[in-house]
**Q** 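My questions all concern the structure below.
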Amino acid sequence: MSVKTALAEIPRTIWTSIFRHSLPSSELGQAQTSFTNFFLHIHPVKVNRHTLKATYTLGLGLFSFFLFVILTVTGVLLMFYYVPSTTQAYDRMLDLRGSVAFGTFLRNMHRWSAHGMVIAVFLHMCRVFLTGSYKRPREFNWVIGVILLLLTLFGSFTGYLLPWDQLAFWAITVGTAIAGYAPVVGAKMQFLLLGDTTVGQEALLRFYVLHVVVIPLAITLLVAIHFWRIRKDGGLSRPAEADLAPGTEAVSVQVVAAPVELKPAEGKQAFGLMGLVRGPFTKVGNTPENTVYSWPNLLMAELFVFILTVAVLLVISLMFHAPLEEPVNAMHPPNPAKAPWYFLGLQELVSYSAFWGGVGIPGIEVALLMMVPYLDRKPGGVGRWFAKERLLANTLFVTFAVLNVILIIIGTLFRGPNWEFVSPW
Amino acid sequence: MRLALAIASLVVLLVHGIVFYDQFFHKWERYQNAYFDQARTQARNEEERADLAARSPRIEQIMVTQFGETRVDRCTTCHIASDDPRFAGLGQPLKTHPYSTAMGDVQVSGKWERRHKFNDFGCTVCHEGQGRGLSDHYAHGEDHYWPDPLLGYVTQEPWRKDYLKNLKGKEYMQAACAQCHTEENFAGTPLVARGRQLFFENNCYGCHRIEGISDGTLGPELTEAGKKFKVDYLWESIADPRAGMASSFMPKFQLSDGDIKALVIFLKSRRGINLTETQLSQFRTRLRPATVVEPAPAAANVDLIGRGKQLVQDRACAACHKLGDKDGAIAPDLSFEGLMKDDQWVMDHFKNPRSRMPDSIMPGFRFSDVDFQAMTAYLVSLKTAPAGATPAETYKALCQRCHGEKGDGLGPVATYIDPAPRDLTKVAFMNSKPRERFLESLRKGVAGTSMPAWEKVLNDTQIDALLAHVETAFTKDKRRPLKARNIAAQNPVPASKESIARGEAIYLARCTGCHGRKADGKGPNSLDIVPRPRNLRNSPFVASISDQRLIESILYGIQGTAMPPWVDYGLSQKEAGDLAHFIRSLTQASARPQLRAGR
């Protein structure tokens, strides 16, 4: 081979060394792409048509994930300018607004995607519940999801303090006070969180470390497990008939997933690793099935959700500025001092009873949410919105969700000085 | 799908375009380019022109470290010509900062030299505003979250519209000058000096504390008022104290707009720190007791009453008290003080109001003895009472201010008076005491309370008629015969240390819930009780009543109040006697520290 051809082939060699093969032109290629690319290997080679229905998932899980990605990127950029010090933090905010290139926009994006993520994760949870998707074998993935919701809230909450303005300071003062209402451990928990009895330098540093290291890492890890389990559980939930090839009749045979019996490998008894994979495994294209290739179908759907997320976020960030109120004045609380909006439902409850609002009811709510798949074990109604069989469960859940939303709306819009009822109009 | 993708991508691109445009075409760049262009045309030589041509827009900033916290002032990014004398005729932002001899600027061989060099002082030390901001909205402090808008130039959106015209004017900057120029009569800050004078003339210092100047405790501390409050809040608090907080009892002083402005500027100059002071001298200031303005003592044989009258007027007593036709609606009527109080009482009360009225909120003003004597002489000379023709008119003239139009003890000044005026509509109370006792209270007053002795104002017939009026107009119930009560004329227990100790034990077990552990009437239940539980440390009051009455009140309760008849709860005559000894021991012990304070 001449040197000339070797040189000419360098781009192609580099391409194949990275991507192993060129853009897919055959079904084999489409399969290979999903299989061999690190970033794409989370995808199955083929994906059920039902999974791609926008009206089924509403893309909410992906919205949440992409918002998290945007948060990570903008967050890292903000970290270049931020100093978690009570004397400098606010000045850094002013610099971000005044003289850092794209500073305001960066902060707006970070702020609004944080709020957006809280909403998206909550709606995603509603979607999963209302389609009955937490049922066997996806019980534990639901639990991970609930933990991710809590982490999202906590991540947003810890970030709330960092601008070190009046809004941040008093929201965190109120928020941590709510934590302090827990019996026995409340005061200790509050102290652990603040590193002091009041919100100050120690609290700022703690919240910063939690916000930029601990929580993002925990979320990343749990999201990875969340996604991995989706694959291992056979993709997104769907009704049984969605697995049938189009045009075939549903067979009235009860499909009972026969548990694969695992025997301990003693002596010469051995088992193939494939024996651990759940469900029927077939060669691609061997049986009639209702699937399409992930490349490009799933990828396009994902790309669309991503672009939509970015577009909506950019427009919002252009129109609304992230708030920056007065510098902290620990002697001058605003009236009313309000927690971040997603905790205002709790604050509203706290205004009736410190223990029940701050600890009792949220504790029971979280415990119930986590226990949902273990309490509701009746099969059926999976993969359809508002399935008739699940009328009771869905009604209970919608009531719970609407109640929480109403409480948040009351706390946000209808509460004025001294937490008295005011009309927002 | 592809169309939607394309549209979304287009939106993303569009927003990027807008953001980038915003980012790279700043207003301040246009200002700087305009400056370079103008300066080039005025440049004297080629070298200067080349220099200017080589300059490109950039963020200018001055870091100031000498004055308090480090300041970063980027004002000169827009106001780039502020130190270039050739731009004196231009409009903002490309205008030369004026030179002024009053500011200490000097002309050396035709060239001005500033006393306050921008490189040393920056801009916000004097002008305030937000040094780090680069858009006029934020930099000038128009954003209503920013605590320090440009002093005297910028008003913020939520400020009260009717005050706006008063809140502008460069004289407000005197407040900033006074951060360093703290001398009381510094020529550059006449309004700060005037405000300070008004602060004393209007007795503000009696209620408000400013470190090193005054130590009143009744109102909020103002040591850092200039740092905490914006000028609109300060203006409102002086001009209309109850506008911001309905529960405020600060009097509305009759001040002209000019005087209010001077006070606002004086208060705005109170930042809690003096920028020129070292930490050591700050500490020394804190240790130093507040200096008192004592006017020079007058010669002995001047017209005491005339001088006293002048003083009472100058010192704004009527801002709280009623005096003639002026009524501050907070404190008692002084219009005929001479008929109700004697020299000694007024003098003692001046020096320490709480020596005569243990729960009075009147501040102890620190005037000189001579002034107090003159004011006392004037007050006790007031001996003309507005006697009403009918009992109803008498009630209106003399009683209504405290006891209220309806006799319910809710007159306009009642909130500020402790113990509160009696609710005359409470039948249970009015019928549980003999009529003689009410007559006695009217004649002699009630010691330790704001109820004065009326015997010199009204004669016995008038007093009797007044009581009859109260009974028919407010109590509206026929007097019933009193129930016989088994009370010994003398305390059944001889006074002794043991008796006091027993009384204390009973007190702690039964009484603290309302009367409080300190027996000051502020127990945990007291907040929900009207009338408030009696302050048992009110020595003039306790001294004025007999053991017999104490024991009766304990055993049989006080009808129409929360005080229960303890005889129903198994309290014996002897135990009530012990309690009476204990209650007396409280005021005898607390009499000493009060005397000390009164000296």
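The sequence lines fix the lettering, A, B, ..., with proteins before strands; numbering per chain opens at 1.
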**Q** Which value, rounded to the nearest 0.5 Å, describes the distance between A:L303 atom CG and B:S9 atom OG?
**A** 7.0 Å
**Q** For A:F306, is it the side chain, the backbone, both, or neither that has a heavy atom closer than 4.5 Å to a heavy atom of chain B?
**A** neither
**Q** For the pair A:D95 and B:R74, find out whether any cationic side-chain nitrogen is under 4.0 Å from an anionic carboxylate oxygen.
**A** yes
**Q** Using 0.5 Å steps for rounding, measure from the CZ atom of A:F304 to the CZ atom of B:R2.
**A** 13.0 Å
**Q** Between A:T87 and B:E69, does the side chain to side chain contact (heavy atoms under 4.5 Å, CB included) criterion hold? Intermediate values first, please.
**A** CA-CA 9 Å; A:T87 50; B:E69 286 168 17; over 6 Å; no
**Q** Based on non-hydrogen pairs under 4.5 Å, which of A:A101, A:A54, A:G103 is most in contact with chain B?
**A** A:A101
**Q** Counting only non-hydrogen atoms closer than 4.5 Å, can you tell me which residues of residues 17-26 of chain B sit against chain A?
**A** B:I18, B:V19, B:F20, B:Q23, B:F24
**Q** Residue by residue, which of residues 131-138 of chain B have a heavy atom closer than 4.5 Å to a heavy atom belonging to chain A?
**A** B:R132, B:L134, B:Y138
**Q** Who pairs with B:Y172 by ring pair (Phe, Tyr, Trp, His ring centres under 6.0 Å), at least two apart in sequence or on another chain?
**A** none
**Q** Need one label for A:D91: side chain, backbone, both or neither, based on atoms under 4.5 Å from any heavy atom in chain B.
**A** both
**Q** Let me have the donor-acceptor pairs involving side chains of residues 313-332 of chain A, under 3.5 Å, with sequence neighbours excluded, atom names and distances please.
**A**
from: A:S317; atom 1: OG; to: A:L313; atom 2: O; distance (Å): 2.8
from: A:H321; atom 1: ND1; to: A:N108; atom 2: ND2; distance (Å): 3.1
from: A:E325; atom 1: OE2; to: B:Y145; atom 2: OH; distance (Å): 3.0
from: A:N329; atom 1: OD1; to: A:M331; atom 2: N; distance (Å): 3.1

**Q** Does atom OH of B:Y233 have more than 12 heavy-atom neighbours, drawn from other residues, nucleotides or ligands, at distances under 6.0 Å?
**A** no
**Q** Under 4.5 Å heavy-atom distance to chain B, tell me which part of A:V100 shows up: side chain, backbone, both or neither.
**A** backbone
**Q** How close do B:A8 and A:I307 get, heavy atom to heavy atom, and via which atoms?
**A** CB-CG2, 3.2 Å
